[in-house]
Amino acid sequence: MQFEEYNLAYGQKLKRIRKENKMTLKEVAAKVPCSVPFLSMLENGRTGITLDKLQKLLSLYHITVTDLVEDDDISRAVPAGTGSHLDHEFNESHVEAVLLSHNVNAKKMRPMLITIPAHSKIGPLTQRGEEFTYILCGRFKVTLSAPDSLSKEHYYLNSGDSLSIEAGFYRTIENISDEEGQLLVVISQE
């Protein structure tokens with residue numbers, strides 16, 4: 001999990017705990033003490049907190065650091081818009097790729113949301129693991145080629161279609177529609 005993701009996850013958890021305690025930002029700010037804007041930024045993951053202030057906040061909520069950092073919804077849930085951007089992995093400036101899971105190095109799969117502009121493509125690329133691709137919207141031409149073969153396979157996929165690709169295959173994904181397209185891609189990890 002990246003630093004920003006921790007801030008957001010713990011901020012959301014602190015917000016939930018504050019609401020469970022039926023306290024307003026103003027009431028908490030007065031007791032910690034700190035400013036209301038600071039608490040709002042903390043709960044929205046836009047700032048960190050000093051150990052001193054964190055201890056006061058946890059004391060006010062009658063919880064411990066262990067209660068706060070327990071591995072529950074923080075590592076499981078990825079709120080919309082908070083996934084890590086992986087655009088650099090595709091070497092394509094026009095492609096947006098967002099990781100849909102935290103701590104992927106400890107997991108057996110790597111789910112991504114990939115957005116490709118109209119009439120653009122990515123690839124050829126290869127993965128060490130198996131890949132499952134589901135077309136969320138758009139129309140795509142996927143070209144597969146095995147590393148030791150000159151032959152190519154072509155697949156034309158529309159919204160709702162899916163494709164499974166064995167490890168090691170090279171693939172090029174081309175958005176052949178007039179609109180932006182999105183794919184859900186899940187890659188198995190060794």
Side-chain angles (χ1 to χ4, degrees), residues 1-117 122 125 127-134 136-137 180-190:
M1 195 183 283
Q2 293 182 356
F3 184 74
E4 295 83 16
E5 293 170 330
Y6 276 112
N7 279 351
L8 182 61
Y10 291 126
Q12 289 174 340
K13 194 166 186 180
L14 287 168
K15 183 177 190 175
R16 187 185 76 227
I17 293 167
R18 175 180 57 80
K19 289 184 174 190
E20 287 171 357
N21 282 283
K22 296 180 177 26
M23 298 181 79
T24 66
L25 286 171
K26 190 175 181 179
E27 291 170 322
V28 173
K31 293 181 180 182
V32 169
C34 62
S35 70
V36 172
F38 167 79
L39 277 178
S40 177
M41 288 175 59
L42 178 67
E43 290 183 352
N44 288 297
R46 294 183 303 188
T47 190
I49 188 170
T50 65
L51 184 57
D52 180 55
K53 278 196 172 101
L54 179 61
Q55 288 174 327
K56 289 177 183 176
L57 193 58
L58 296 178
S59 176
L60 178 66
Y61 293 153
H62 305 289
I63 63 171
T64 66
V65 172
T66 304
D67 296 326
L68 181 64
V69 298
E70 276 183 324
D71 186 20
D72 56 9
D73 58 332
I74 287 175
S75 66
R76 290 184 184 88
V78 179
T82 65
S84 301
H85 282 262
L86 302 171
D87 308 344
H88 62 280
E89 291 191 15
F90 293 93
N91 297 321
E92 311 279 348
S93 61
H94 58 279
V95 173
E96 179 183 20
V98 179
L99 191 59
L100 301 175
S101 180
H102 296 302
N103 196 17
V104 293
N105 294 332
K107 296 192 166 84
K108 294 182 181 180
M109 62 182 178
R110 187 174 195 221
M112 295 176 279
L113 175 65
I114 300 175
T115 304
I116 303 175
I122 57 174
L125 303 167
Q127 298 290 345
R128 284 184 275 168
E130 293 183 23
E131 178 178 313
F132 172 80
T133 299
Y134 179 81
L136 295 168
C137 62
E180 178 179 88
Q182 288 190 317
L183 309 96
L184 172 64
V185 175
V186 181
I187 299 169
S188 67
Q189 300 192 122
E190 300 172 358

To the nearest 0.5 Å, how far apart are [atom1] in [X] and [atom2] in [Y]?
X: His94; Y: Thr115; atom1: NE2; atom2: OG1; result: 11.5 Å
X: Glu20; Y: Lys22; atom1: CD; atom2: NZ; result: 9.0 Å
X: Tyr61; Y: Lys31; atom1: OH; atom2: NZ; result: 10.5 Å
X: Leu58; Y: Ile63; atom1: CG; atom2: CD1; result: 5.0 Å
X: Ile122; Y: Leu183; atom1: CD1; atom2: CG; result: 7.0 Å

Kindly give the heavy-atom pair with the smallest separation between [X] and [Y], and that separation in Å.
X: Ser40; Y: Asn44; result: O-ND2, 2.8 Å
X: Ser35; Y: Ala29; result: C-CB, 3.9 Å
X: Lys56; Y: Pro33; result: NZ-CD, 4.3 Å
X: Met23; Y: Arg18; result: O-NH1, 2.9 Å
X: Leu57; Y: Val28; result: CD1-CG1, 3.5 Å
X: Ile49; Y: Leu54; result: CD1-N, 3.6 Å

Look at the side chain of Arg110 and the backbone N and O of Ile187, then say whether any donor-acceptor pair between them is shorter than 3.5 Å.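 Between the backbone of Ile187 and the side chain of Arg110 there is no qualifying donor-acceptor contact (under 3.5 Å).
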Taking only residues two or more places apart in sequence, or in another chain, which ones meet Lys26 in a side chain to side chain contact (heavy atoms under 4.5 Å, CB included)?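 Applying side chain to side chain contact (heavy atoms under 4.5 Å, CB included) to Lys26 gives Thr24, Val36.
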Any side-chain heavy atom of Glu43 sitting closer than 4.5 Å to one from Leu25?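 Answer yes - side chains close enough.
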Under 4.5 Å between any side-chain heavy atoms of Phe132 and Met109, yes or no?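 A side-chain contact is absent here, since even the closest heavy-atom pair is not under 4.5 Å.
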